[in-house]
Amino acid sequence: MSARGTSSAGAVAPVLSLDTLVRLKRAQRSPGPTRRLPVPQDMTVPLGCDAVSVPARFGPLLLPRLPRVGCVYADRANWWWIVPSDSDVALDWPAPAYYATGAVIPDAPDTPGLIHKPAGTVPYTPPIPLYLAVCRVMGTTPVWSRPISA
């Protein structure tokens, strides 16, 4: 296939954008019991709503590293941060962090409780500072700082 999306036989192959690839990846996820983190009624989500989860032991370590903290939810196992939709595009959230599209929490017997609500009407924690803090706390190099292999 040439760089312009045509094969040697002359057929035009579809070119997929990053947005299309992200949507296809999300469509592959198997549906299970769905439970969403409830955004407080007095807040708006103009950029959509996803969530990032980390094991509960990391939650208190992340809070002081963030310049702004949005809605944070917690249960015994995890802490969840509300982020704008598509905050996983081009970011490789390090394990054991979990990225939850639509703020859907998998396999949770109960909905985690809201432990922090920011002032104002927007529930988001900025995703880049959260990503950097998660990488730092988990001892992972951010994706854009990793060496590229040929």
Side-chain angles (χ1 to χ4, degrees), residues 3 5 13-150:
V15 177
L16 301 177
S17 70
L18 182 58
D19 289 338
T20 302
L21 293 172
V22 169
R23 277 191 220 99
L24 289 171
K25 178 183 173 189
R26 288 180 177 163
Q28 290 177 337
R29 296 181 182 165
S30 59
T34 58
R35 184 174 314 248
R36 292 184 192 280
L37 293 173
V39 174
Q41 289 183 356
D42 60 338
M43 300 193 114
T44 62
V45 286
L47 302 175
C49 187
D50 289 347
V52 175
S53 165
V54 298
R57 69 182 181 275
F58 293 115
L61 301 174
L62 291 171
L63 284 177
R65 296 176 184 269
L66 298 170
R68 180 187 188 286
V69 179
C71 287
V72 180
Y73 299 80
D75 58 24
R76 297 178 106 192
N78 298 296
W79 282 32
W80 299 83
W81 277 263
I82 297 293
V83 294
S85 291
D86 299 326
S87 294
D88 61 336
V89 173
L91 293 179
D92 184 16
W93 290 87
Y98 175 77
Y99 190 86
T101 303
V104 173
I105 49 177
D107 306 324
D110 295 311
T111 303
L114 182 65
I115 62 168
H116 182 269
K117 180 182 173 194
T121 61
V122 181
Y124 305 125
T125 295
I128 299 299
L130 178 59
Y131 174 77
L132 292 171
V134 167
C135 286
R136 178 75 172 178
V137 167
M138 294 185 183
T140 303
T141 303
V143 69
W144 54 78
S145 296
R146 295 179 191 155
I148 299 173
S149 61

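Here, residue 1 is the first one in the sequence, and each next residue gets the next number.
Between Val52 and Ser87, every side-chain heavy-atom pair lies at or beyond the 4.5 Å cut-off. Contact annotation: the side chain of Asn78 never approaches that of Pro112 to less than 4.5 Å [non-hydrogen atoms, C-beta and beyond]. Using a 4.5 Å heavy-atom cutoff, the side chains of Pro127 and Trp81 are not in contact. Contact check for Asp86 versus Leu47: no side-chain heavy atoms found under the 4.5 Å cut-off. At a threshold of 4.5 Å between non-hydrogen side-chain atoms, the residues Pro129 and Arg65 do not count as touching. In this structure the side chain of Tyr124 reaches within 4.5 angstrom of the side chain of Pro46, judged on heavy atoms.
For the residue pair Val134 and Ala97, the shortest heavy atom distance occurs at CG1-CB, 4.1 Å. Closest of all the heavy-atom pairs between Gly70 and Pro118 is C-CD, 3.6 Å. Taking each heavy atom of Thr125 and Pro84 in turn, the nearest pair found is O-CD, 4.1 Å.
For Tyr131 and Trp93, the gap between ring centers is short of 6.0 Å.
Here the side chain of Tyr73 pairs a donor or acceptor atom with the backbone of Pro38 at under 3.5 angstrom.
Here the CD1 atom belonging to Ile105 is positioned 10.5 Å from the CZ atom belonging to Arg36, to the nearest 0.5 angstrom. Distance OG1/Thr121 to CG/Asp42: 8.5 Å, rounded to 0.5 Å. The NE2 atom of His116 sits 13.0 Å away from atom CD1 of Ile82, with the distance rounded to the nearest 0.5 Å. With values rounded to the nearest 0.5 angstrom, Leu63 atom CG is found 4.5 Å from Trp79 atom CH2. If you take CG on Asp88 and CG on Asp50, they are separated by 6.5 Å, rounding to the nearest 0.5 Å.
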